[in-house]
Amino acid sequence: MKIIGKEKQESNSVTSQKTLLNEFIEEHDDLIVYNTYIDDGFTGTDFNRPSFQRLLEDMRKGYINCVIVKDLSRLGRNYIEVGNYIEQVFPLFNIRFIAINDFVDSFKNPASTNTILVPFKNLINDEYCRDTSIKIRTSLNGKKKKGEFIGAFPSYGYIKDPKDKHKLIIDEVVADIVKKIFNWNVNEGLGKIAICHRLNDLGVLNPTGHKKIELGQNYNNYGIQDNTYTWTPSTIRNILNNEVYIGNTVQGKRRTKSYKVHKVEVVPKEEWVRVENTHEAIIDKETFEKAQELSKRDTKVSQKTKELSVWAGFLKCADCKRAMNKKSSTNKSGNKYEYYICSTYRKKSNNLCTKHSIKIEKLEKAVLKAINFHIDLLIDIEEIVKQINDVGATSSCPKQINEMITSKQNEISKISNFKRTLYEDWKNEDITREEYIEYKQKYENDIERLKQNIERLKNEKQKYETQSISSNEWIEKFKEKESITELSRDIMMELIDCIYVKENGDIKIKFKFEDEFKRCLEYIENNNNVLDKKLVNL
């Protein structure tokens, strides 16, 4: 008999089934109870249920010779598998099978297992599971799309709202820990391992320990065997990458293949259900984005200064594209200086790549000069674009395109009306069947051609449309740094994607927002005639 602990009481359905089975056995003197096999909470479509597997093992050992269930659905709800056990497995082990409510008894009435009603009932039980599965999935998908939380346990830092189980509220007990994790990573430059050490040294319970011990939840993490509840790098990584902390709900990352095949598969990221601003954020978006940026870079905190270098994760060799390593040396005058060299050259072989050495002093001057040059250039570009917008470079062309689009849409509407009347004309014998087919095909071709023209016009219109440069966030980020004299990590992360160091010591900077920058230049080039008109008018 399965022992039910306090943490999980058996369901009413199981209790009523046990009562029915006991009453049946009391009425039959030839039956003696050996054991009761209960899989409470497990789906009947899965035959890997723990107690059912224990039943099979006892059958193989010869401990039992009869299996009794309330009805066929209690054996299982998989049409093929249930049939296989009744027709093949049980007879093979000389097992008597009884389904009380379905009047099946393979010993007293062998024909009862072969009647058409048995597979028919199994099929209905199977279909019931399929239909239920579809309805549940549809309901859950609807909740996901509305941003309602449908999981059993929220992410660390949140709990379910007592008034609405589909809404998350901040867990004030550990919200500060989440903030510290992001702060240590973004502002202090600590890596995942270093953050783990700090949290473990402070005696902070990991998310599993917090849920089980501090929140008293019946939560199990099968990856934790010793109940020490210590932090691991993977846990820190999951927290730093989780959008829940900026107020977004992202669900549907995993799914089971079907209601019969319960293997869990990973869902492609583009198919995740993501809804923004569903609950109160713990971390601001800017800090979160910086954490994502850092996760893509090879960064390491200095063991001496315990600080993250301005250049960490930004410098790469222009040839092998590997990270640059920081070194220090002393010149002939006895002055120490720091420089970077290619990590491939330093760690692997000087045959695989060359030094690509550059002093930090030279690097800083070059990057400062490049940033200030771009800022000055963008100020000039902004002024030119404003002049173009004042003249109205984009006002006439999109207007003409809009008129053409409207005209072609009206034409499609007329042709569609003609097409709708064709069938009636044919039935009224105003046109022949051959003419009907010919005209119908012609109208359909004309509509398709017009739709393609509209699509091309829309693409052309998009080329002309542009927002005022002053409203672009990326321009504002550059302008905020006007006339900078000293580099900081914040400046680097906001403006620069990567810095490539060439063998001769020159650098190539890949700025963020390069595509937007090129678009502005193309916009100016395409509208030079507008400025010429303005000069003529002046």
message = Can you confirm whether the side chains of Asp319 and Tyr500 place a donor and an acceptor under 3.5 Å from each other?
response =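 Note: Asp319 and Tyr500 side chains miss the donor-acceptor criterion.
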
salt_bridge([X], [Y]) N-O dist < 4.0 Å:
X	Y	result
Lys285	Glu289	no
Glu271	Lys253	no
Glu265	Arg255	yes
Glu338	Lys326	yes
Asp176	Lys180	yes
Arg130	Asp126	no
Glu243	Arg274	yes
Glu293	Lys290	no

- Message: Is the distance from the ring center of Phe149 to that of Tyr158 below 6.0 Å?
- Response: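 For Phe149 and Tyr158, the ring centres are not under 6.0 Å apart.
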
Can I get a per-line list of side-chain donor-acceptor pairs under 3.5 Å for residues 88-97, giving both atom names and the distance, sequence neighbours left out?
unit_1, atom_1, unit_2, atom_2, d
Arg96, NE, Asp105, OD1, 3.0
Arg96, NH1, Asp30, OD2, 3.2
Arg96, NH2, Asp105, OD2, 2.7

Looking at [X] and [Y], what are the two nearest heavy atoms and their distance?
X	Y	result
Asn200	Trp231	OD1-N, 2.9 Å
Asp39	Ser51	OD1-N, 2.8 Å
Asn206	Gly209	OD1-N, 2.8 Å
Leu352	Thr344	CB-CG2, 3.7 Å

**Q.** Pairwise distance CG(Asn101) to CD(Gln17) - rounded to 0.5 angstrom
**A.**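 If I round to the nearest 0.5 Å, the distance is 9.5 Å.
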
Pairwise distance CZ(Phe107) to CD1(Ile98) - rounded to 0.5 angstrom: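 Between Phe107 CZ and Ile98 CD1, I get 10.0 Å after rounding to 0.5 Å.
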
Any donor-acceptor N/O pair, Thr138 side chain to Ile134 backbone, under 3.5 Å
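Side chain of Thr138 to backbone of Ile134, a donor-acceptor pair under 3.5 Å: yes, one is there.
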
What orientation do Phe47 and Tyr85 show, parallel under 30°, tilted 30 to 60°, or perpendicular over 60°?
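Rings of Phe47 and Tyr85: parallel, under 30°.
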
Q: Check each of Val244, Ile239, Val178 against Ser155 using the side chain to side chain contact (heavy atoms under 4.5 Å, CB included) test, and report the only one that passes.
A: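 Among Val244, Ile239, Val178, the one that satisfies the side chain to side chain contact (heavy atoms under 4.5 Å, CB included) with Ser155 is Val244.
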
Quick one: is the NZ or CZ of Lys211 closer than 6.0 Å to the six-membered ring centre of Tyr219, and within 45° of its axis?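 That pair qualifies as a cation-pi contact.
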
